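Values reported hereafter were calculated over all heavy atoms of this structure, with side chains retained and with hydrogens, waters and symmetry mates removed. Predicted model, so just to flag it, every value in this text is computed and none were measured. In what follows, every chain begins at residue 1, and chains take the letters A, B, ... in the order their sequences are listed.
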2 protein chains.
Amino acid sequence: MTPLYDVLVRCICTSHRRTCTTYSWQVAAEKLTRETVVERALDLADREGLDAVTIRRLAGELGVTPMALYWHVKNKDELLLAMADHAIDLVAARSRPGEPWDVRLRAMVEALVDAMRRYPCLPVLLGHVDKTRAESFRRATDTALDVLAEAGFTLAEGYLIASHLLVGVAELVKNIPAVPAGMTDAEAAECARQARLRLEMLPADRYPNLVAYAPALTAPPDPDAYLAFGLDLLLSGVEAQAARLADPAQPRYGTTP
Amino acid sequence: MTPLYDVLVRCICTSHRRTCTTYSWQVAAEKLTRETVVERALDLADREGLDAVTIRRLAGELGVTPMALYWHVKNKDELLLAMADHAIDLVAARSRPGEPWDVRLRAMVEALVDAMRRYPCLPVLLGHVDKTRAESFRRATDTALDVLAEAGFTLAEGYLIASHLLVGVAELVKNIPAVPAGMTDAEAAECARQARLRLEMLPADRYPNLVAYAPALTAPPDPDAYLAFGLDLLLSGVEAQAARLADPAQPRYGTTP
DNA sequence: ACCTGAACACCGTTCAAGT
DNA sequence: ACCTGAACACCGTTCAAGT
């Protein structure tokens, strides 16, 4: 542990690294960074579900020892937070000032939908992080509060609406009716048939509506009509409240700014 | 390991047990049942959060070996499912046939709110179970579909609305502004002050609305106004859609029954 | 029928040590 | 600065065995 030894080792190390990076088999092990850790974690979660994202498993995927990750990320909670932060990053940007509040709000919600379709793990990921600690959530929430204030809502009301829209969109995208990626038409049909049978096997006297719903499951899914209806449902609630609260006699939640 | 030894041990044991049950310190170990397992798990989750519900931890709480639980419950997933099932049990019952659809729907939603306030772990628990596998969910969904069909929705629309209301209420109750149980007024005030400071410490140029929202946090929380606004928001969306879809020219999601 | 004990393959995380 | 190795205290679950 003399300085000389230290310097010597350091030299060997850097020169070793310099030569190695020229070989292709070393490219994968090419100096870990926090960004690649987070992106690889998102990738893993999208492919195999959030449960597959494990410090040890992720480390294996990156060709590195589990404890190596702790250099780039404080702990698993921070990893999940960084994943959500990274996935939601583009949402705040898509508000268009100048437009009326309802089209601005719809644009934001559609940006949310896009983010969740781009990162399928995002809806369930949202349930595992403290949203107030993520930077991109704060940005998105702040611009949402801006839009909603323009609609006449108090800040407290706007805050509630913002988180309501967030989980509403998450639930919507989670249940989006689509053939799972990498499934042939035949497999998808078989899948739908089994889902239908599961419903039809229920006792019809106790669950008449669920049983009646079963045939609809064999029809080809229509994600666009589904999303259109879901988004209208979410947004029309906000619009209805905005209209109702335009009457100053109505009781409010929170003080008007 | 002779038969004689076997019988001998058995005698000692049963007589031991028979005497023991007369002592009060043995009452807790009084024959485990699936119901007490589930209820104890709910209790544990309510007190210390869902993460505290662990097979081993729960077994310890029940004064029993971890593997004993596997006799009453197939695995942890089934335990979580049974917990949700038990907590949501009373909801379907609270629909009042004869009333118009919107008051029936509101009654169901309010029953949901009650269940979630009774079992604080329920909102997060819902994120960890497959709702289609729980009996009381199916019952509640079926009666909801009944109510929503009366409102003119298709079954597909009704199904979407039902799950939308479920997660909407869950999010609402999760964020309910109330002084946490077992906290003095002084502690609650300190808690609010810190929440306010956390917001006010944010850079005001990037998050102007969040910073402006901070002072509202020091005001005493008003759970009733919060819930009233949240429920109105949820339900007015459904009502607005019902009104819009009364026009037969409007596009629909799913076929009308 | 109901419960225990030992064992297996997994976790997240710490801490000292290497290079 | 960045990564490894060994260790700790925890998981869920199986399987054979006890009573």
Side-chain angles (χ1 to χ4, degrees), chain A residues 1-21 26 28-37 41 44 48-82 128, chain B residues 1-21 26 28-37 41 44 48-82 128:
Chain A
M1 210 60 88
T2 72
L4 180 59
Y5 169 79
D6 204 344
V7 167
L8 200 64
V9 167
R10 202 174 288 239
C11 276
I12 295 170
C13 234
T14 46
S15 79
H16 175 70
R17 182 169 288 160
R18 205 182 298 135
T19 31
C20 279
T21 48
Q26 262 285 356
E30 179 102 16
K31 188 77 158 309
L32 208 53
T33 124
R34 179 184 162 103
E35 212 189 358
T36 67
V37 169
L44 181 56
E48 307 196 26
L50 194 59
D51 286 343
V53 177
T54 256
I55 295 286
R56 294 174 121 102
R57 168 81 191 273
L58 182 58
E61 209 101 337
L62 289 161
V64 101
T65 243
M67 307 74 190
L69 300 191
Y70 283 92
W71 182 262
H72 301 95
V73 118
K74 199 163 121 267
N75 53 27
K76 195 179 173 185
D77 265 13
E78 205 200 77
L79 173 64
L80 294 178
L81 191 71
H128 292 262
Chain B
M1 211 63 87
T2 72
L4 179 60
Y5 168 80
D6 203 345
V7 169
L8 197 67
V9 168
R10 200 176 289 236
C11 278
I12 295 170
C13 235
T14 45
S15 78
H16 175 68
R17 183 169 288 160
R18 203 181 301 131
T19 31
C20 279
T21 47
Q26 261 285 356
E30 179 101 16
K31 189 76 158 307
L32 208 53
T33 124
R34 179 184 162 103
E35 211 189 358
T36 68
V37 169
L44 181 55
E48 307 195 28
L50 194 59
D51 286 343
V53 177
T54 255
I55 295 286
R56 293 173 121 102
R57 169 80 191 273
L58 182 58
E61 208 101 337
L62 289 161
V64 100
T65 244
M67 307 74 189
L69 301 192
Y70 284 92
W71 183 262
H72 301 97
V73 119
K74 199 163 121 267
N75 52 28
K76 195 179 174 184
D77 264 13
E78 205 200 78
L79 173 64
L80 294 178
L81 191 70
H128 292 263

Short N/O separations, protein against nucleotides 5-11 of chain D, under 3.5 angstrom:
unit_1: D:dC11; atom_1: O5'; unit_2: B:Thr54; atom_2: OG1; d: 3.4

Within this structure, what is the [atom1]-to-[atom2] distance between [X] and [N], rounded to whole angstrom?
X       : N      : atom1 : atom2 : answer
A:Lys31 : D:dT4  : NZ    : P     : 13 Å
A:Leu32 : D:dT4  : CG    : C1'   : 13 Å
A:Leu69 : C:dG12 : CG    : C1'   : 11 Å
B:Trp71 : D:dA17 : CH2   : C1'   : 14 Å
A:Leu58 : C:dT13 : CG    : P     : 13 Å

Which residues pass the salt bridge (charged side-chain N to carboxylate O under 4.0 Å, His left out) test with A:Arg57, not counting sequence neighbours?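 For A:Arg57 the salt bridge (charged side-chain N to carboxylate O under 4.0 Å, His left out) partners, ignoring immediate neighbours, are A:Glu48, A:Glu61.
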
Is the phosphate of D:dC3 approached by A:His72 (side-chain N or O, under 4.0 Å from OP1 or OP2)?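 So the side-chain polar atoms of A:His72 do come within 4.0 Å of the phosphate oxygens OP1 or OP2 of D:dC3, strictly under.
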
Looking at every heavy atom in both [X] and [Y], which two are closest together, and how far apart are they?
X       : Y        : value
B:Leu69 : B:Ile55  : CD1-O, 3.5 Å
A:Val73 : A:Arg34  : CG2-NH1, 3.9 Å
B:Tyr70 : B:Asn75  : CE2-CA, 4.1 Å
A:Ala59 : A:Pro66  : CB-CA, 3.5 Å
A:Leu50 : A:His128 : CD2-CD2, 3.7 Å

To the nearest 0.5 Å, how far apart are NZ in A:Lys76 and OG1 in A:Thr54?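 Going from NZ on A:Lys76 over to OG1 on A:Thr54, the span is 4.5 Å.
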
Please report the interatomic distance OG1(B:Thr65) to CG(B:Leu32), rounded to the nearest 0.5 Å.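 So the gap between those two atoms works out to 11.5 Å.
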
Bracket string, DNA chain D, 5' to 3' - pairs by Watson-Crick or G-U geometry under 3.5 Å, | interstrand: ||.|||||...|||||.||

On DNA chain C, does the nearest nucleotide to B:Ala68 precede the nearest nucleotide to A:Pro66 from the 5' side, or the other way round? Give the residue.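 The answer here is B:Ala68.
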
